[in-house]
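Not measured: the values here are computed from a predicted model. So that the names make sense, note that chain A is the first sequence line, chain B the second, and so on, each numbered from 1.
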Protein chains: 2
Amino acid sequence: MGRNKEFDTTVVLRKAMEVFGHYGYEGTSLQILLDGLGIARQSLYDTYGTKKDLFISAVKHYTNEKSAALVARLNRPGSVKAAITDIFCEIAAALKDEARRKECFIMHSAIDQVPHVPEIAAFFEQDASRLEEAYYRALVRAYEQGELSDRHSDLRALARYLNHSRYSLTQAAKLTSDPKVLDDIIKVTLSALDS
Amino acid sequence: MGRNKEFDTTVVLRKAMEVFGHYGYEGTSLQILLDGLGIARQSLYDTYGTKKDLFISAVKHYTNEKSAALVARLNRPGSVKAAITDIFCEIAAALKDEARRKECFIMHSAIDQVPHVPEIAAFFEQDASRLEEAYYRALVRAYEQGELSDRHSDLRALARYLNHSRYSLTQAAKLTSDPKVLDDIIKVTLSALDS
DNA sequence: TCTTTTTCGGACCATTTAATCAAGAATGGA
DNA sequence: TCCATTCTTGATTAAATGGTCCGAAAAAGA
């Protein structure tokens, strides 16, 4: 009973990613936020709590979504190199798509808040170790499958490098509008897996 | 004639880097800024103009300093690989030094403002192309000196990659406090130059 | 019809913001 | 000594900030 919500909470959450990604957490005033979300002020506070609560929710939602897809792709049987290539191609595709690239930038805003919001810091730390482990296990499997040469002695370092590269690509996308630059960076990044 | 300035303007500029780097541009209130700089409010406005003016000055000062050193190192005769290794080791050393790492983070705050402050955007674009060219010329020289194998066919891509890696390292430093992670990332990053 | 829930919009709050102005004290060269 | 410059401090401004409260309208199930 009672009136139904008129907006899809996850759709609004997605819009929040775009707004926070574009202006940053501190740079997003309540007015900008409401305009971007397209809902009334009271609806925001009723549904998500404070501005900070909404920010944290958006960050977690985005991260969980991306991380889950990433881990699933890494765990899928078959060529590990192909999986990693897929992952980075997908990132590039998202960053080149005018509609999708906006929400990626919330990662930047989130990283900015790491030193100031303990909840964000803890969440990131946990997510990073989860992803690093997924990369590491995949690399071990790659080695066992004969996809890597003896040149790749330190698989732990390689896992950390790949995990870090994902974050850094969105940074690169913010600095350049030239898609070729992005492709170049990815190409060289993946060459770390060559024998 | 007249009273002399009591503070060294470049020293204060360096402090501004630290403050802006820690809190971000929007996250730095005037009070925080003044506390960090250790000067009176009126002295700030007399010497640097508005808060935004000071921010832009700090970003430019930091960038010019770092870029000049980088280009100089790349242009020095001798092994190019050694030069690039030096550059990244220097970055790592700065990011590990509790005193020096703070000011590095102003790059992050600056990148955040790229979409909103045209002057910052233009400055970054110019600086990036300058650095990319320096890397590219150095890589051509490396190839001529026989430091690179035929595996490195696309020196332009490699130059863009190296330039981007510098920025991304400070991002990694913000996410992890473990210096070993930083070392691992640098190790793999530089392996792109291996034959 | 009645009740519950949500939406919407405006009013309102205390706080904080960046920035300016003013005035007195300190400093140093002419 | 005189003047120019800087430092320091406090007062002040006008706007914007995040957040709360209230009331009316709308919708959906009982």
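In terms of phosphate contacts, B/Ser43 brings a side-chain nitrogen or oxygen within less than 4.0 Å of OP1 or OP2 of D/dC7.
As rounded to whole Å, 14 Å separates atom C1' of C/dG9 from atom CG of A/Asp35. B/Ile39 has its CD1 atom 8 Å from the P atom of D/dT8, to the nearest Å. Here C/dT20 presents its C1' atom at 15 Å from CG of B/Asp53, a figure rounded to the nearest Å. Following rounding to the nearest Å, A/Leu37 (CG) and C/dC8 (P) show an atom-to-atom distance of 12 Å. Between A/Leu44 atom CG and C/dG10 atom C1' the separation is 17 Å, expressed in whole Å. We find that CG of A/Asp8 is positioned 16 Å from C1' of C/dT7, with the value rounded to whole Å. Here C/dT17 presents its C1' atom at 15 Å from NZ of B/Lys52, a figure rounded to the nearest Å. Between B/Leu34 atom CG and C/dA18 atom P there is a gap of 9 Å when expressed in whole angstrom units.
For residues 132-166 of chain B, no residue pair satisfies the ring-ring contact (aromatic ring centres under 6.0 Å, His included) rule, not counting sequence neighbours. Sequence neighbours left out, the pairs with a member in residues 64-77 of chain A that pass salt bridge (Lys or Arg N to Asp or Glu O under 4.0 Å) are A/Arg14-A/Glu65, A/Arg73-A/Asp86. For residues 89-101 of chain B, the pairs satisfying side chain to side chain donor-acceptor pair (under 3.5 Å) are B/Glu90-B/Arg100, B/Lys96-B/Asp183, with sequence neighbours left out. Note on residues 96-130 of chain B: pairs passing ring-ring contact (aromatic ring centres under 6.0 Å, His included), not counting sequence neighbours, are A/His22-B/His116, A/Tyr23-B/His116, A/His108-B/His108. For residues 38-51 of chain B, no pair satisfies salt bridge (Lys or Arg N to Asp or Glu O under 4.0 Å), with sequence neighbours left out. Pairs passing the ring-ring contact (aromatic ring centres under 6.0 Å, His included) check and including a residue from residues 32-83 of chain A, sequence neighbours excluded, read A/Phe20-A/Phe55, A/Tyr25-A/Phe55.
Take B/Glu132 and apply the side-chain hydrogen bond (donor to acceptor under 3.5 Å, both in side chains) test, not counting sequence neighbours, and it matches B/Arg156, B/Arg160. Residues satisfying the side chain to side chain contact (heavy atoms under 4.5 Å, CB included) criterion with A/Glu119, sequence neighbours excluded, are A/Ile56, A/Lys60, A/Val117. Under the rule for a side chain to side chain contact (heavy atoms under 4.5 Å, CB included), the partners of A/Lys102 that lie at least two apart in sequence or sit in another chain are A/Glu18.
Counting non-hydrogen atoms of neighbouring residues, nucleotides and ligands closer than 6.0 angstrom, the CD atom of A/Gln145 exceeds 12 such neighbours.
Side-chain proximity of B/Thr50 to D/dT8, C/dC8, C/dA19: nearest is C/dA19.
Interface residues of residues 17-24 of chain A facing DNA chain D, ordered by number: none; criterion, heavy-atom separation under 4.0 Å.
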Under-3.5 Å N/O pairs linking protein and nucleotides 22-26 of chain C:
| unit_1 | atom_1 | unit_2 | atom_2 | d |
| --- | --- | --- | --- | --- |
| C/dA26 | N3 | B/Arg3 | NH1 | 3.2 |

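With A/Ser79 contributing its side chain and A/Ala82 its backbone, the two residues share a donor-acceptor pair below 3.5 Å.
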Where protein sits on nucleotides 12-17 of chain D, one letter per nucleotide: B base, S sugar-phosphate only, - none, heavy atoms under 4.0 Å: -----S

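Looking at heavy-atom distances under 4.0 Å, B/Tyr45 makes contact with a base.
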